[in-house]
**Student:** 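After the structure tokens below, expect a handful of questions from me.
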Number of protein chains: 2
Amino acid sequence: MSSATSARDRLVDAAQDLFAAQGVGPTSPRAVLAASGVGQGSLYHHFPTKHDLAVAAVGATVDDALARAMRTLDSDSPAVERLVAYLERPREALAGCKIGRLTADQAVMDDDGLHDVVTAYFVRLLRALTQIFRETDLPDDVARDRAHAALAIIQGGYVLARATRDPGALAAAVRGFVGLLDQGPQARNEPDRPSQHSTPTPKENP
Amino acid sequence: MSSATSARDRLVDAAQDLFAAQGVGPTSPRAVLAASGVGQGSLYHHFPTKHDLAVAAVGATVDDALARAMRTLDSDSPAVERLVAYLERPREALAGCKIGRLTADQAVMDDDGLHDVVTAYFVRLLRALTQIFRETDLPDDVARDRAHAALAIIQGGYVLARATRDPGALAAAVRGFVGLLDQGPQARNEPDRPSQHSTPTPKENP
DNA sequence: GTCTATAACGAGATAGAC
DNA sequence: GTCTATCTCGTTATAGAC
């Protein structure tokens, strides 16, 4: 999906990049057009309105992100390891979550079709995380609360990183949360984990 | 500042409301004009550019929010109680954090003057939260990480609430986090705390 | 200081040729 | 299917009278 060939694919591809960089609202069809290199008419042939383009592009982004997240969350490691692996995945903190950021995008929140795509992303992640906490023998309601906390750490960490212009803020939030998990009833065995700010080589999404 | 009288104050007041509802980028000077009831020329007399208006309005919002937060964080209760009181403060989860949401607003991130105001808000909160964790005899770096985690819980909780259209998502994230704090070395004494989603009467900000 | 025009530009979308 | 040209409207901002 990165170097597509059809006009339609190039449009969706360009839209995904621009939406990730600036959000849906501030991205004009014209900008997508320019970035994709196709002509005016082609855009409106494939996507009669901006809404249609947005649903296609955000949908593709959600599918990608969800697939990657599930590879970590559904691995065959022990529950706690899967969880921590997910929390500590390298992320482009300063860019923000491509999907989480859309919750502040009024163009998205006001568009039911778009919002549903965003909702589905988080509902599926919460379900997977809740299941992981259940496997650690927590009652259902506690597992659900902790799943919310874990996902909030990631989304909030992105916000803090962007607010302070410090990519280490996301890493710090994750460390703070994982530290609390580790001190619990049955602690994980972990190699010594140096603290303090710094992020090595981030790459992707929640 | 709620029912101001001068044209300038009415403009700032209207801008704060609109920024909170839709963000800075999507809010036009014209909309502020209409909401405030003043004339075109008055706006541009007091605020030559949209940037000037935004700095004034966002600055006022940050000052308000910071003052309210500090009243909770600087009270004379024990450290952990202040922390939990802050985390559990009633919040309008579906509206999102008036300030945190701005980190997804490209108009804000691209404007250094505006961004600095947002940064200052989070830096001050992180400092206060770190101090609280220090008072619980944690090493400085751990205290700092937990402060990041605590603030991320709030900001991430807002994101989850908006994404799922469920105000209970923020409350759930807070419960999940506080539950981890409670299970720690020296647990808090607390009345029985029923779990499950539901938010009674929200009101304000982080 | 505050007002009513109005200029200059970009947004979203359409028309119609190829 | 893809293109260029064009329409309409809202945005940011300025001009200049009161």
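Everything quoted here is computed from the prediction, not taken from an experiment. Here is the naming used below: chain letters follow the sequence lines, and residue numbers restart at 1 for every chain.
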**Student:** Is there a donor-acceptor pair under 3.5 Å between the side chain of B:Ser75 and the backbone N or O of B:Arg71?
**Tutor:**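 Absent.
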**Student:** Are any side-chain N or O atoms of B:Lys50 and backbone N or O atoms of B:Val24, one a donor and one an acceptor, separated by less than 3.5 Å?
**Tutor:**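 Yes, because the side chain of B:Lys50 sits within donor-acceptor range (under 3.5 Å) of the backbone of B:Val24.
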**Student:** Going 5' to 3' along DNA chain C, between which two nucleotides do contacts with chain A fall, using a heavy-atom cut-off of 4.0 Å?
**Tutor:**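 The protein-touched segment is C:dA11 to C:dT14.
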**Student:** For A:Tyr86, is the NZ or CZ atom of A:Arg68 found under 6.0 angstrom from the centre of its six-membered ring and inside 45 degrees of the ring axis?
**Tutor:**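 Cation-pi check for A:Arg68 and A:Tyr86: fails.
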**Student:** Rounded to whole Å, please give me the gap between CD in B:Gln40 and P in D:dG10.
**Tutor:**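 Computing the B:Gln40:CD to D:dG10:P distance gives 14 Å.
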**Student:** Below 4.5 Å, heavy atoms only, C-beta onward: do B:Asp145 and A:Phe177 meet side chain to side chain?
**Tutor:**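 No, too far: nothing below the 4.5 Å cut-off.
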**Student:** Is there a side-chain contact between A:Leu73 and A:Leu83, using heavy atoms and a 4.5 Å cut-off?
**Tutor:**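 In short, these two side chains do not touch, never coming nearer than 4.5 Å.
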**Student:** Identify, residue by residue, the members of residues 46-59 of chain B with a heavy atom below 4.0 Å from DNA chain D, and return them in order of residue number, or none.
**Tutor:**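 Output list: B:Thr49, B:Lys50.
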**Student:** Quick one about B:Thr61 and B:Asp64 (side-chain donor to acceptor, distance below 3.5 Å, no hydrogens or angles considered), yes or no?
**Tutor:**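 Their side chains do not contain a donor-acceptor pair, so the 3.5 Å distance test is not met.
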**Student:** Charged N to carboxylate O under 4.0 angstrom, A:Arg82 versus A:Glu135?
**Tutor:**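 Judged by the 4.0 Å cut-off on N to carboxylate O distance, A:Arg82 and A:Glu135 do form a salt bridge.
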**Student:** Say whether B:Arg101 and B:Gln155, considering side chains only, have a donor N or O and an acceptor N or O under 3.5 Å apart.
**Tutor:**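 The criterion, which ignores hydrogens and geometry beyond distance, is not satisfied for B:Gln155 and B:Arg101.
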**Student:** Distance only, no hydrogens: is a donor on one side chain within 3.5 Å (strictly under) of an acceptor on the other, for B:Thr119 and B:His115?
**Tutor:**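 A donor-acceptor contact under 3.5 Å links the two side chains.
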**Student:** Strictly below 4.0 Å, heavy-atom distances to any atom of DNA chain C: list the hits from residues 18-35 of chain A, or just say none.
**Tutor:**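 Residues of residues 18-35 of chain A under 4.0 Å from DNA chain C: A:Ser28, A:Pro29, A:Arg30.
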**Student:** State plainly whether the residues A:Arg165 and B:Asp112 are in salt-bridge range, i.e. N to O under 4.0 Å.
**Tutor:**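 So A:Arg165 pairs with B:Asp112 through a salt bridge.
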